[in-house]
2 protein chains.
Amino acid sequence: MTLQKARYHHGDLHQSLLNAAREMLREQGIEGLSLRKLADRVGVSRTAPYHHFKDKNALLCAIAEDGFRYWHAMAKEILDQSALSARQKYAKFIRAYIGYAADNPELYDLMFGRTIWKQASPTQALKDEAYPSFQFQVEMTREWQKQGLMPAEEDTLRLTQVTWGTLHGIARLLIDGIYADSSHIDEMCETALNLFTTH
Amino acid sequence: MTLQKARYHHGDLHQSLLNAAREMLREQGIEGLSLRKLADRVGVSRTAPYHHFKDKNALLCAIAEDGFRYWHAMAKEILDQSALSARQKYAKFIRAYIGYAADNPELYDLMFGRTIWKQASPTQALKDEAYPSFQFQVEMTREWQKQGLMPAEEDTLRLTQVTWGTLHGIARLLIDGIYADSSHIDEMCETALNLFTTH
DNA sequence: GGTTAATATTGACGCTGTCAAGATATGTGA
DNA sequence: TCACATATCTTGACAGCGTCAATATTAACC
């Protein structure tokens, strides 16, 4: 049977759900993503997804988890480019972060938004992916302080919270379209870089 | 008749709805605020609110509007304290901003979150309150640059976007409970102040 | 006092997430 | 090969949501 519709067992519903959900998220946002429409899209009954994800929250967490994995890989790639100076790396890092958020606004919102972190509760698996991501950022900041790129007198944790908070804030301004739009990205990144690094 | 329940006409439903909605928002968050529960709380039928607000979005916008008005007044009060130095004022301003967000997390989320600005669309009245608030911030930044508190070589608009974006980002981290909690507020504010001001 | 406008009500519709019970296919051991 | 257990999927149902239409009640005004 090559006809997908006719089969009682889907075959790989778990992965299909994730893929379709990611699409719907990109196209219609978090609010536009309903389990029923999703099931319909994949060609399966309303409650079929419940055999693969505990509830809607679990599905969203799985998508966010992938988002973190992808970003983490991207960040590592930039910071491993040994040919660049610390400052150049940081500049690239900033630009990549904002770019990732601007290119995947709905995913970014899911990764860091209240839907998961406040309204519902993050999966353990998601926490295991998200927290190291921030921890990694702390280590980098410590390194940058040692190299004289960032002020050494500031507490590393606070400095990380503020610098990362800035990127987070700019990302949200862009995503929500308040007081900033994507044509300002490059200049905003440069301004942030100037403020955070001693030069 | 002093018995509110018995009256067909409520009397001041418009204001009562706003007050009750603010309470529900504080207690149960945006997701917990439904028009039906709200109507029930005020002791009125499900569709009564529709005679005072076009729809749910309009009600939310009205609440957010008040939030902006309140914050704007607070900010003005701080910046008008002529006895303080520019740096002291800015320090107080930062602390007040983060404090306001931390004390009214759900309101802050409503004011700046996607519910209004992305998912639905802001009322004209809300825009008229929100945009000047940012414009005011730009003027202040320009002033601070002139006074040598902030780097004069940066473009004022970009600098405002980044500095305000930082406050916004820190606020959201606190509110959503990611990578920061309220015990860090003072230190984070000081770190931000140090990064943004020349000293 | 009678008419008009403002205000509130009940009924209905389609959407949502999710639970319970039942149907169907797959895999395993005898 | 057959029976049985297990994984997978379906239909039915329920409560909650925002909101429209039609209707009822009260207040305001000439």
Side-chain angles (χ1 to χ4, degrees), chain A residues 1-21 24-25 27-63 110 114-116 118-123, chain B residues 1-21 24-25 27-63 110 114-116 118-123:
Chain A
M1 289 294 143
T2 51
L3 242 172
Q4 303 262 7
K5 285 276 179 182
R7 292 207 316 224
Y8 191 91
H9 281 61
H10 177 282
D12 192 11
L13 187 51
H14 187 92
Q15 202 46 240
S16 298
L17 283 172
L18 281 177
N19 293 338
M24 289 185 66
L25 182 69
E27 293 167 6
Q28 319 190 35
I30 300 179
E31 296 83 11
L33 201 174
S34 85
L35 282 193
R36 294 171 103 109
K37 281 192 290 182
L38 174 62
D40 211 50
R41 185 131 153 182
V42 179
V44 98
S45 84
R46 304 158 253 140
T47 56
Y50 284 89
H51 295 270
H52 298 271
F53 298 96
K54 186 183 155 287
D55 52 18
K56 190 179 183 180
N57 179 59
L59 200 171
L60 295 180
C61 284
I63 296 179
L110 188 63
R114 59 177 291 132
T115 308
I116 285 180
K118 189 132 199 227
Q119 181 184 353
S121 55
T123 312
Chain B
M1 288 297 141
T2 51
L3 242 172
Q4 303 262 7
K5 285 278 181 183
R7 293 206 316 226
Y8 191 92
H9 281 62
H10 179 281
D12 192 11
L13 187 52
H14 187 92
Q15 201 47 240
S16 298
L17 283 172
L18 281 176
N19 294 338
M24 288 185 67
L25 182 69
E27 294 167 5
Q28 318 189 35
I30 300 178
E31 296 83 12
L33 201 175
S34 86
L35 282 193
R36 294 171 104 109
K37 280 193 290 180
L38 174 62
D40 210 51
R41 184 129 154 185
V42 179
V44 98
S45 83
R46 314 163 242 133
T47 57
Y50 284 88
H51 295 271
H52 299 271
F53 298 95
K54 187 182 154 288
D55 52 17
K56 189 179 184 181
N57 180 58
L59 201 171
L60 295 180
C61 284
I63 296 178
L110 188 63
R114 61 176 291 133
T115 309
I116 285 180
K118 191 132 197 226
Q119 180 184 351
S121 55
T123 313

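Quick caveat, the model's predicted, so the values are computed rather than measured. We name chains A, B, ... by the order of the sequence lines, and we start the count at 1 in each one.
- Taking every heavy atom of both residues into account, A21(A) and L38(A) meet most closely at N-CD1, 3.5 Å.
- Here the NZ atom belonging to K56(A) is positioned 12.5 Å from the SG atom belonging to C61(A), to the nearest 0.5 angstrom.
- Regarding D12(B), its CG atom lies at a distance of 15 Å from the C1' atom of dA27(D), rounded to whole Å.
- If you take CG on L110(B) and CG on L33(B), they are separated by 8.5 Å, rounding to the nearest 0.5 Å.
- Looking at K37(A), its side chain does come within 3.5 Å of a backbone N or O of G32(A) through a donor-acceptor pair.
- Note on the helix from dG1(C)-dC30(D) to dA30(C)-dT1(D): terminal axis deviation equals 10°, with five pairs used at each end and the result rounded to 10°.
- One can place NE2 of H14(B) at 15 Å from C1' of dA6(C), the figure rounded to the nearest angstrom.
- Between the CG atom of D40(A) and the C1' atom of dC9(D) there is a distance of 15 Å, given to the nearest Å.
- Atom pair L13(A):CG and dT10(D):P shows a separation of 8 Å (rounding to whole Å applied).
- At whole-Å resolution of the value, CD in Q119(A) and P in dC17(D) are 13 Å apart.
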Each nucleotide N or O in nucleotides 14-16 of chain C that has a protein N or O under 3.5 Å away: list the pair and distance.
unit_1	atom_1	unit_2	atom_2	d
dT16(C)	OP1	S34(A)	OG	2.9

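- Rounding to the nearest 0.5 Å gives a distance of 8.5 Å between CD1 of I63(B) and CD1 of I116(B).
- One cannot find a donor-acceptor pair under 3.5 Å joining the base of dG16(D) and the side-chain atoms of R46(B).
- Rounding to whole angstrom units, CG of residue L59(B) and C1' of dC17(D) are separated by 15 Å.
- Checked against side-chain hydrogen bond (donor to acceptor under 3.5 Å, both in side chains), Q119(A) has no partners two or more places apart in sequence or in another chain.
- The line from CG of N57(B) to OG1 of T123(B) is 5.5 Å long, rounded to the nearest 0.5 Å.
- When rounded to the nearest whole Å, the span between CE of M24(B) and C1' of dG16(D) equals 13 Å.
- Legend: residues meeting side-chain hydrogen bond (donor to acceptor under 3.5 Å, both in side chains) with N19(B), ordered by chain and number and at least two apart, are R22(B).
- Only T47(B), A48(B), H51(B), H52(B), listed by number, bring a heavy atom of residues 47-55 of chain B to less than 4.0 angstrom from any atom of DNA chain C.
- E31(A) has a carboxylate O that lies under 4.0 Å from a charged side-chain N of R114(B), or vice versa, which qualifies the two as a salt bridge.
- Counting to the nearest Å, the P atom of dC17(D) and the CG atom of N57(B) are 18 Å from each other.
- Take H14(A) and apply the side-chain contact (heavy atoms from CB on, under 4.5 Å) test, not counting sequence neighbours, and it matches D12(A), L18(A), H52(A), F53(A).
- E27(A) and R41(A) are joined by a salt bridge, as a carboxylate oxygen and a charged side-chain nitrogen come within less than 4.0 angstrom of each other.
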